[in-house]
Amino acid sequence: MKTPEIDLPEGFHAHFGDDPEQVALDLAKAVAGFLRERLAEAPRASLVVSGGSTPLPFFRALSRADLDWRRVDLLLADERWVPEDDPASNTRLVRENLLQGHASDAHFLSLKQPGATPLEGLEAVKEELSCLTLPLDVVILGMGNDGHTASLFPDAPELPRAMDPDCPDLVAAATPPSQPHQRISLTRPPLRDARFTALHLKGGDKLETLRRALVTPDDVMSMPVRGFLKPGLNVFWSP
Ligand SMILES: O=C(O)[C@H](O)[C@@H](O)[C@H](O)[C@H](O)COP(=O)(O)O
């Protein structure tokens, strides 16, 4: 494959390949290696993954990694506020594709708690996540072509607070009118400050969106993914 022309800033790490399965495997190997390193020096490690369609081969490859999953706290970066058996549920994707094999021993922290809306369930979610220590260890982000990441959507009324560099909340409800479901999302600080962060993208359209995001990196409100484009970021991309 001719590596696509994109000028990633200094300090970014490009992991580009022409086979989506191979790039997903490369990401799984990188994440498993980082988790093993963390578990060699800390009692537990945290792993935050994103939903959507891109991560599925990554989930399946990571589920086969042999590590001490009992000491891994696994959670989603965001969730649609739907029952776990709903086709739109990210929790369902994680249970069916990542919480399998070796990874079935991971301690899964669910963003979907009782409550008719994410706002009603917010306190229960905060309680569920209260065992986490910051900074998070591994965060895997996706991106939409509108520049959203996690459930930090440009049209979400909650975005200004959730994208505040000093947002005091770990998690927030999100009600972007562009989306069919209400959402819940980790906020900018915990997602920004992880020890290992990867942006996992598939398709030329996503690369074009990343190019656009990199042009004016400070305008995080129109493209929230910009809040996470910083040195050290690993970009895993395939066509
Ligand atoms: O709940 C979600 O939708 C995800 O967390 C979201 O942030 C996702 O990563 C992007 O929308 C990309 O989704 P695709 O991988 O399906 O393009």
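When a ligand or atom number is given, it counts from 1 through the structure's own listing order. One-based numbering along the sequence shown.
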Mind checking whether [X] contacts ligand 1 via backbone (N, CA, C, O), side chain (CB onward), both or neither, at a 4.0 Å heavy-atom cut-off?
X	answer
Glu79	neither
Ala77	neither
Leu76	neither
His148	side chain

| Looking at NE2 of His181 and CD of Glu79, how far apart are the two atoms once the value is rounded to the nearest 0.5 Å? | 10.0 Å
| query | Any ion pair linking Arg95 and Glu84 (charged N to carboxylate O, less than 4.0 Å)? | reply |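 So Glu84 pairs with Arg95 through a salt bridge.
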| query | Do the charged groups of Asp68 and Arg71 touch, with an N to O distance under 4.0 Å? | reply | yes
Nearest-neighbour protein heavy atom for [atom], which is reported as residue plus atom name and distance:
atom	result
atom 8 (C) of ligand 1	Gly51 O, 3.9 Å
atom 17 (O) of ligand 1	Lys206 NZ, 2.7 Å
atom 3 (O) of ligand 1	Arg80 NH2, 2.8 Å
atom 15 (O) of ligand 1	Thr54 OG1, 2.6 Å
atom 12 (C) of ligand 1	Met143 O, 3.4 Å
atom 13 (O) of ligand 1	Gly52 CA, 3.9 Å
atom 9 (O) of ligand 1	Gly142 CA, 3.4 Å
atom 5 (O) of ligand 1	Asp78 OD1, 2.6 Å

If only side-chain N and O atoms count, and only distance matters, is there a donor-acceptor pair under 3.5 Å linking [Y] with [X]?
X	Y	answer
Ser46	Asp73	no
Arg226	Thr216	yes
Glu128	Ser110	no

| query | Which atoms of ligand 1 are found less than 4.0 Å from any heavy atom of Asn90? | reply | 1 (O), 2 (C)
| His15 and Phe236 aromatic ring geometry - parallel, tilted or perpendicular at 30°/60° bounds | parallel
| said: How close do Leu99 and Leu74 get, counting heavy atoms only, and between which atoms? | reply: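 Scanning both residues completely, I find the closest heavy atoms to be CD2-CD2, 3.7 Å.
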| message | If I compare all heavy atoms of Ala172 with all of Ala162, which pair ends up nearest, and what's the gap? | response | CB-CB, 4.5 Å
| Do Lys112's NZ or CZ and the ring of Trp81 fall within the cation-pi criteria of under 6.0 Å and 45°? | yes
| message | Please confirm whether Arg183 approaches ligand 1 to less than 4.0 Å, judged on its heavy atoms. | response |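 True for this residue.
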| note | Looking at Ser53, Ala88, Ala150, Ser50, the heavy atom closest to atom 7 (O) of ligand 1 belongs to Ala150
